[in-house]
Every structure is written in C-alpha cells, then in structure tokens.
Amino acid sequence: MAYDPGAIDATLAAAVGDEPALIAELRAAFLESVQHGLAVLEAARGDVAWREAAFRLRGLAASFGAVRLMAIATEAAEAEAHDAALLRRLRRAVERL
C-alpha cells in the first residue's frame with residue numbers, strides 16, 4: 001500500500017473547497033489528534049484499552065483519507081497489546097503524514 005502525501009489535503013479540499021488557510025488549519029488539527037491518539041494507544045493498559053485506542057486511531061485515519069495509517073491501526077486492533085513492531089510502524093506512518 002503506497003503512501004499518497006496528497007490524500008489528506010485532497011480529502012480536506014473535497015470537504016471545505018479551495019480554502020488553503022482552512023485546509024492547513026484542519027490538517028494541523030488532524031495531525032495533533034493523530035499524535036494524541038498514538039499516545040493514548042501507547043499508554044493503553046490492557047487488551048481492551050489497546051483495541052479501543054487502535055479503533056479510534058483507525059477511525060480518525062479513515063475520516064481523513066490516511067489509508068496507510070488506517071491499515072496499520074486495523075492491524076494493531078487485531079494484535080496483542082503493545083506489539084512493538086506495530087508501534088514502530090504506526091510511529092513511522094504518523095511521521096510521514
């Protein structure tokens with residue numbers, strides 16, 4: 001699955017039109033939310049909290065067209081809590097946004 005750096009901006013533009021300042025503001029809010037979601041996932045205690053945090057992260061990614069992050073978050077929701085390899089992949093996906 002390839003990363004498309006324009007997918008988030010395209011999703012935002014489809015929602016709000018050609019408003020570069022608004023797109024930039026929404027993009028920044030999205031990135032802040034994703035970073036918070038990742039922090040919640042990393043701090044999750046137990047399988048249920050891990051799974052819920054992963055599903056929230058997946059939903060956020062899906063809402064903004066971040067397909068790669070969505071796919072990895074889906075894997076995380078189905079994996080054991082605090083899977084180190086998945087956490088590394090999630091961090092990389094977030095860094096690439």
Side-chain angles (χ1 to χ4, degrees):
M1 184 175 313
Y3 172 66
D4 178 5
I8 294 169
D9 290 340
T11 299
L12 291 172
V16 301
D18 186 23
E19 296 288 335
L22 182 55
I23 290 171
E25 184 178 328
L26 291 172
R27 189 181 213 315
F30 166 68
L31 293 174
E32 183 178 319
S33 294
V34 165
Q35 290 165 346
H36 174 75
L38 182 57
V40 169
L41 183 69
E42 291 173 330
R45 295 181 186 256
D47 291 339
V48 173
W50 167 269
R51 197 170 5 271
E52 288 174 356
F55 280 130
R56 278 193 300 271
L57 190 58
R58 179 183 75 173
L60 180 61
S63 296
F64 284 82
V67 178
R68 180 161 179 71
L69 178 60
M70 184 180 69
I72 300 169
T74 299
E75 286 182 54
E78 298 167 356
E80 289 188 32
H82 296 281
D83 181 303
L86 278 171
L87 281 171
R88 280 192 301 275
R89 290 175 57 210
L90 283 166
R91 285 185 202 112
R92 277 194 306 267
V94 169
E95 288 170 4
R96 292 178 179 160
L97 294 173

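What you see is a predicted model, and the numbers here were worked out from it, not measured in a lab.
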Hydrophobic cluster membership, L57 vs V94, 4.5 Å side-chain cutoff: yes
Shared hydrophobic cluster, V34 / L87 (ILVMFWY, side-chain heavy atoms < 4.5 Å): yes
Residue pair R51 / A77: nearest heavy atoms and the distance that separates them: CG-O, 3.3 Å
Side chain H82, main chain A44, donor-acceptor under 3.5 Å: yes
CG-CZ distance between L31 and F64, expressed to the nearest 0.5 angstrom: 9.0 Å
Rounded distance (nearest 0.5 Å) linking atom CG of L41 with atom CZ of R58: 13.0 Å
A85: side chain to side chain contact (heavy atoms under 4.5 Å, CB included) partners, not counting sequence neighbours: D83, R88
Residue E25 excluded, over 12 heavy atoms near CD under 6.0 Å: no
Sub-4.5 Å side-chain heavy-atom contact between L60 and R56: no
Contact summary for A81 and G46, nearest pair of heavy atoms: CB-O, 4.1 Å
Distance (rounded to the nearest 0.5 Å) between R89 CZ and E75 CD: 4.0 Å
Hphob cluster co-occupancy, L97 + L26, side-chain heavy atoms under 4.5 angstrom: yes
Separation between CD1 of I72 and CG of L86, rounded to the nearest 0.5 Å: 8.0 Å
